[in-house]
Novice: 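Would you mind keeping the following structure in view while I ask a few things?
When a residue number appears, it is its place in the shown sequence, counting from 1.
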Amino acid sequence: MGKAYTFFGILLAVMGFFSVLVYDSIRNADAEQPIPPDALQGKQIFQRRACIECHTVFGNGGYVGGDLTKSYVRTGAPALTEYLVQAPVLTGAKKKRHEQLNEQDAAAVVAYLRYLSTLNTLDWPLNTNKGAR
């Protein structure tokens, strides 16, 4: 009988802890800001152009083009816009150019990248080059 009480006591404690976590998650979900309309448009362009095939966002996607999660912070809006509008020849490719966007689409994609850079990733992905010489 003592083992049954211990089991059910632990079960109730775990269920209570889980309930607190679910409640906290629901409460914090309301605090998050929705994606702005210009960033949403940029996300749709990002998806329609299949940028994820070459680029990585939050660790998902291709690895040929690099991670774009914090690219807005590293590069800035003017350089990103210029890169997307005046697409350069890709390194390692045989005269293949990065897909070119018009000014409006480029601005929307940059807005999406700006939005991504504001999300808390808890410093992930790790920069393994920190401190390297």
Novice: Find the distance between CG (Leu80) and OH (Tyr72) and round it off to the nearest 0.5 Å.
Specialist: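 Those atoms lie 8.0 Å apart.
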
Novice: CZ/Arg74 to CG/Leu68 distance, rounded to the nearest 0.5 angstrom?
Specialist: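 These two atoms lie 7.5 Å from each other.
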
Novice: Through direct or indirect side-chain contacts below 4.5 angstrom among Ile, Leu, Val, Met, Phe, Trp and Tyr, which residues connect to Phe7?
Specialist: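 In the cluster with Phe7 are Phe8, Leu11, Met15.
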
Novice: Testing the basics here: between Val85 and Gln100, what is the closest heavy-atom pair and its distance to 0.1 Å?
Specialist: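 Heavy atoms of Val85 and Gln100 come nearest at O-NE2, 2.7 Å.
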
Novice: Hey, is the main chain of Gly65 close enough, under 3.5 Å, to the side chain of His55 for a donor-acceptor pair?
Specialist: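 Yes, the answer is positive, given that a donor and an acceptor are paired below the 3.5 Å cut-off.
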
Novice: Kindly give the heavy-atom pair with the smallest separation between Leu119 and Lys70, and that separation in Å.
Specialist: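 Heavy atoms only, the tightest pair is O-NZ, 3.0 Å.
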
Novice: Could you pull out the closest heavy-atom pair between Ala39 and Ala111, with the gap in Å?
Specialist: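 In terms of heavy atoms, the two residues are closest at CB-O, 3.7 Å.
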
Novice: Locate the shortest heavy-atom distance separating Asp67 from Gly59; write the atom from each residue and the value.
Specialist: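 Taking every non-hydrogen atom into account, OD2-N, 4.2 Å.
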
Novice: Is the side chain of Thr56 donor-acceptor paired with the backbone N or O of Gly62 at a distance under 3.5 Å, no angle test?
Specialist: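 Present.
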
Novice: To the nearest 0.5 Å, what is the distance between CD1 (Ile26) and CG (Leu21)?
Specialist: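 Output value for this atom pair is 11.0 Å.
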
Novice: Same cluster for Val57 and Val64 if Ile/Leu/Val/Met/Phe/Trp/Tyr side chains link at under 4.5 Å?
Specialist: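 No; Val64 is not reachable from Val57 via cluster members.
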
Novice: For the atom pair CG (Leu113) and CZ (Phe46), what is the distance rounded to the nearest 0.5 Å?
Specialist: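 The distance works out to 7.0 Å.
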
Novice: Report the distance from atom OH of Tyr112 to atom CD1 of Ile45, rounding to the nearest 0.5 Å.
Specialist: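 Rounded to the nearest 0.5 Å, the OH-CD1 separation comes out at 11.5 Å.
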
Novice: Any side-chain heavy atom of Asp38 within less than 4.5 Å of one from Arg114?
Specialist: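 Side chain of Asp38 against side chain of Arg114, heavy atoms only: contact under 4.5 Å found.
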
Novice: Out of curiosity, Asn102 CG to Leu84 CG, how far, rounded to the nearest 0.5 Å?
Specialist: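 That separation rounds to 10.5 Å.
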
